[in-house]
Amino acid sequence: MSRTRTDVARRALTGRMPRNVRSAAQPALVAVSHGTNSLAGQAAIAALVAAVSIARPDLTVAGGFVDVQQPDVATTLGALPDASAAIVVPLLLSAGYHVHVDLQKETAAVDRDTVVSAALGPDRRLVEVLVYRLGQAGYRAGDELVLAAAGSSDARAVEDCREVGRMLAARLGVRVTVGFLSAASPRLACAVAAARIRHPHARLAISTYLMAPGFFFDLTRNVGADLVSDPLLVAAEAPPAGMVDLVIDRYLDAHLAAGRLAAHAA
């Protein structure tokens, strides 16, 4: 586990969850995404949550949102069975403000034993989906490659995205520049312009490091690249199996960590 993910797990494991971990019932898996006004994005996220539920029929699986959509986190947690503990899995690609602050506050305000798992990224399974999406878009050797990430004012989240850029570069054996759509530098348009200057005769490809279609993906498609891959999730396809596994693994990691903390405190 990376330092960032470990730090999030430590902060998430409050004193309330361990006594519930001792119970026979498995905590509910609450998958919380950012939220979007895009119908395609909503459908893509809903399909991921549904796929997790199908993969783990032994668990109570629910979905919620930190912004834009409903139900919010408090409503989602409040709708769970009364005695159920919960593990919130952020369907977010990096551990920024929403993970470190929003979800911590929102779960602490609810009268239910709850922990927040690590964010989904960085992870090699996300990189494999990026490679797959690039292939769908027509990426080929020799293309200049820019990774488009949402961006954050939290330096830890920015570093998470840069780490995915390094992982993608190692996976493909090429240079990858990371560009951000908000809050961090370089901005995506600047990263694209710099890549054009470096290799004016090469095609320029953008690897879209976003969860699903929405406002940021619309911006990504309008920065002047020769090709832009789809986000990790698209409404027209079943969620990649690796991403379903990743959500479940984040749940299991948090559950195991909470159990160890309970055993230590006993």
Side-chain angles (χ1 to χ4, degrees), residues 1-33 48-64 66 73 76-77 80-96 98-129 156-157 159-160 163-164 167 211 232 239-266:
M1 182 178 287
S2 73
R3 179 178 301 174
T4 299
R5 294 199 295 273
T6 302
D7 289 347
V8 173
R10 288 196 186 113
R11 273 186 288 272
L13 297 173
T14 66
R16 294 189 302 154
M17 182 65 168
R19 63 182 171 84
N20 267 277
V21 170
R22 296 174 189 146
S23 68
Q26 292 272 57
L29 189 164
V30 179
V32 175
S33 63
L48 176 61
V49 177
V52 170
S53 182
I54 291 169
R56 288 300 303 262
D58 56 315
L59 299 178
T60 296
V61 177
V66 293
V73 176
T76 303
L77 290 172
L80 297 175
D82 288 344
S84 176
I87 294 174
V88 172
V89 179
L91 301 186
L92 303 170
L93 297 177
S94 57
H98 285 314
V99 174
H100 290 294
V101 178
D102 286 340
L103 288 178
Q104 305 301 328
K105 287 182 178 178
E106 291 174 28
T107 55
V110 175
D111 187 20
R112 184 180 301 279
D113 292 324
T114 308
V115 299
V116 180
S117 83
L120 298 185
D123 192 273
R124 60 173 179 77
R125 287 164 287 194
L126 298 176
V127 174
E128 290 305 316
V129 179
R156 294 164 293 187
E159 179 55 27
D160 281 351
E163 175 61 17
V164 170
M167 293 167 70
M211 278 293 289
L232 297 167
M243 292 189 67
V244 176
D245 291 342
L246 177 56
V247 173
I248 294 170
D249 282 352
R250 291 290 182 262
Y251 168 92
L252 293 174
D253 288 346
H255 194 191
L256 179 61
R260 286 175 174 165
L261 184 60
H264 181 74

Heavy atoms of Ala31 and Val49 approach each other most closely as CB-CG2, 4.0 Å
What one should report as the nearest heavy-atom pair of Val32 and Leu103 is CG1-CD2, 4.0 Å
Practice task
Quick one: do Leu29 and Arg56 satisfy side chain to side chain contact (heavy atoms under 4.5 Å, CB included)? Show the steps, please.
Solution key: CA-CA 10 Å; Leu29 189 164; Arg56 288 300 303 262; over 6 Å; no
Would a distance-only check, ignoring hydrogens and angles, find a side-chain to backbone donor-acceptor pair under 3.5 Å from Asp160 to Pro122?
no
side-chain contact (heavy atoms from CB on, under 4.5 Å) filter on Thr76, not counting sequence neighbours, yields Val30, Ala62, Pro71
Heavy atoms of Arg112 and Ser84 approach each other most closely as NH1-O, 2.7 Å
Taken in chain and number order and not counting sequence neighbours, the residues that satisfy salt bridge (charged side-chain N to carboxylate O under 4.0 Å, His left out) with Arg125 are Asp123, Asp249
Requested in this report: Check whether any side-chain heavy atom of Val52 sits under 4.5 Å from a side-chain heavy atom of Tyr251, and report yes or no.
Outcome: no
Output for pair (Ser117 OG, His255 NE2), nearest 0.5 Å, gives 13.0 Å
Closest heavy-atom pair, Leu91 versus Met211, reported as atoms and distance to 0.1 Å, is O-CG, 3.8 Å
Sorted by chain and residue number, the side-chain contact (heavy atoms from CB on, under 4.5 Å) partners of Ala55 (sequence neighbours excluded) come out as Val244, Ile248
* Okay, side chain of Arg250, backbone of Ala119: is any donor-acceptor separation there less than 3.5 Å? -> yes
Closest non-hydrogen atoms of Leu80 and Ala86, given as atom of the first, atom of the second and distance, are CD1-CB, 3.8 Å
Per side-chain contact (heavy atoms from CB on, under 4.5 Å), Val116 is matched among Ile87, Thr107, Val73 by Thr107
Discussion item. Test your reading of the model: is there a side-chain donor-acceptor pair from Gln104 to the backbone of Val99, 3.5 Å cut-off?
Written reply: yes
Determine whether Val247 and Leu48 make a side-chain contact, defined as any pair of heavy atoms from C-beta on separated by less than 4.5 Å. yes
